[in-house]
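Structure first, commentary second.
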Amino acid sequence: MPELPEVETSRRGIEPWIVGTRIADVVVRDRRLRWPVAPGIEGRLRGRRIESVGRRAKYLLIKTDNGTAIVHLGMTGNVFIVDHDAPAGIHDHFDILLDSGRSLRFRDPRRFGSFFFSKNPLAHPLLSGLGPEPLGTDFDGDYLWRRSRGRKVNVKQFIMDAKVVVGVGNIYASESLFLAGINPKRSAGRVARQRYAVLADAIEDVLDRAIRAGGTTLRDFYGGDGEPGYFRQQLEVYDREGEHCRHCNTVIRAIVQGQRTTYYCKSCQT
DNA sequence: ACTTTAGCCTGTCGGC
DNA sequence: TGCCGACAGGCTAAAG
């Protein structure tokens, strides 16, 4: 389940292998991703030199000397480095072949991921309306508090809204609300200013620790270096329904909010 | 402007 | 053992 820490882990994993190389070719085997892969993408990227690998929200931005490849991992996507002649599996939907003899390979069993080309990625319709980066300077408790005034939606769905703040998916939303001691069912508009300060800190803390652990691997996430993420061991509530809270021993509960499972501790989170 | 719902997609798992 | 429905959840678009 790639959320911000997993995408960042992937970014760091592939960066040393691809920056400074030139794109020899692009091979798309299945164009049916979340949005159809544009037929011209191979020609736009072929021959270009890769200058950097960035990240905006959960999008990887592979910047070349003439335009940027935008890659989203969706739910089950992975990017990793292989040799040119490595045989492709059925879910290996595209390769970016590099002049180094390696390829950046994209694997995504459920095809919720995406692959675009853009001259100006931040102006792309899918990226232009995104909220601030949670680890950036324009994100803090007062920002969340301002944005939440008048909002009836529960605070868990509120912080998962990419127009509010990016990168906080289902795992880290549950985790940060636990760390902040906030009940996920509470209306966003009814969370006090001071509690948003605590929540913003919790979001930053959990994302930072998850990045340092290489992300969370529940089933099928592997970083660009092929290593799973180890943050699962630090999860306090996510996927722990029926287990005991490590702080107060209360049984962790699971509820459904916005068609997604939320995990929380009834006594630590009020 | 906000809220809710449906839908995309396939591997895995529990129940019968 | 095999079948089948539920579930996982990123995100957008459309409807209310």
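Lettering follows sequence order; numbering is per chain, from 1.
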Between A:R149 (CZ) and B:dA1 (C1'), how many Å, whole number?
17 Å
To the nearest Å, how far apart are A:L73 CG and B:dC9 P?
18 Å
Between CD of A:E241 and P of B:dG14 the distance, given in whole Å, is 13 Å
Given DNA chain B, 5'-ward residue of the pair A:I90 and A:G258, judged by closest heavy atom
A:G258
Take the angle between the ring planes of A:F106 and A:H93 and call it parallel below 30°, perpendicular above 60°, tilted in between.
tilted
Can you say whether the rings of A:F178 and A:H247 are parallel (under 30°), tilted (30 to 60°) or perpendicular (over 60°)?
perpendicular
Please state whether the phosphate of B:dT3, meaning OP1 or OP2, lies under 4.0 angstrom from any side-chain nitrogen or oxygen of A:K152.
no
Whole angstrom value for the distance that separates P of B:dA1 from NZ of A:K163:
12 Å
Polar side-chain atom of A:S187 near backbone of A:R190 as donor-acceptor pair, under 3.5 Å:
no
Return the value, rounded to whole Å, for the distance between atom CD of A:Q257 and atom P of C:dG10.
13 Å
Could you tell me how the ring of A:H72 sits relative to the ring of A:Y59: parallel (under 30°), tilted (30 to 60°) or perpendicular (over 60°)?
perpendicular
Toward the 5' end of DNA chain C, which comes first, A:F112 or A:L126, by nearest nucleotide?
A:F112
Select base, sugar-phosphate, or nothing to describe what A:R151 touches, counting heavy atoms under 4.0 Å on all strands.
sugar-phosphate
Given B:dG11, is OP1 or OP2 found less than 4.0 Å from the side-chain N or O atoms of A:H91?
yes
Heavy atoms under 4.0 Å, any strand shown: does A:T261 hit a base, just sugar-phosphate, or nothing?
sugar-phosphate
Under 4.0 angstrom between A:R34 side-chain N/O and C:dT12 OP1 or OP2:
no
Whole Å only: how far is the CH2 atom of A:W35 from the C1' atom of C:dG10?
10 Å
Scan A:R111 against the nucleic acid and name what it touches under 4.0 Å (heavy atoms): base, sugar-phosphate only, or nothing.
sugar-phosphate
In whole Å, what is the span from the CE atom of A:M160 to the C1' atom of C:dC11?
10 Å
Honestly, is A:R102 close enough over A:W17, meaning NZ or CZ under 6.0 Å from the six-membered ring centre and within 45° of the axis?
no
Within this structure, what is the CG-to-P distance between A:L33 and C:dG10, rounded to whole angstrom?
18 Å
Upstream residue (5' side of DNA chain B) when A:Q259 and A:V153 are each assigned their closest nucleotide:
A:V153
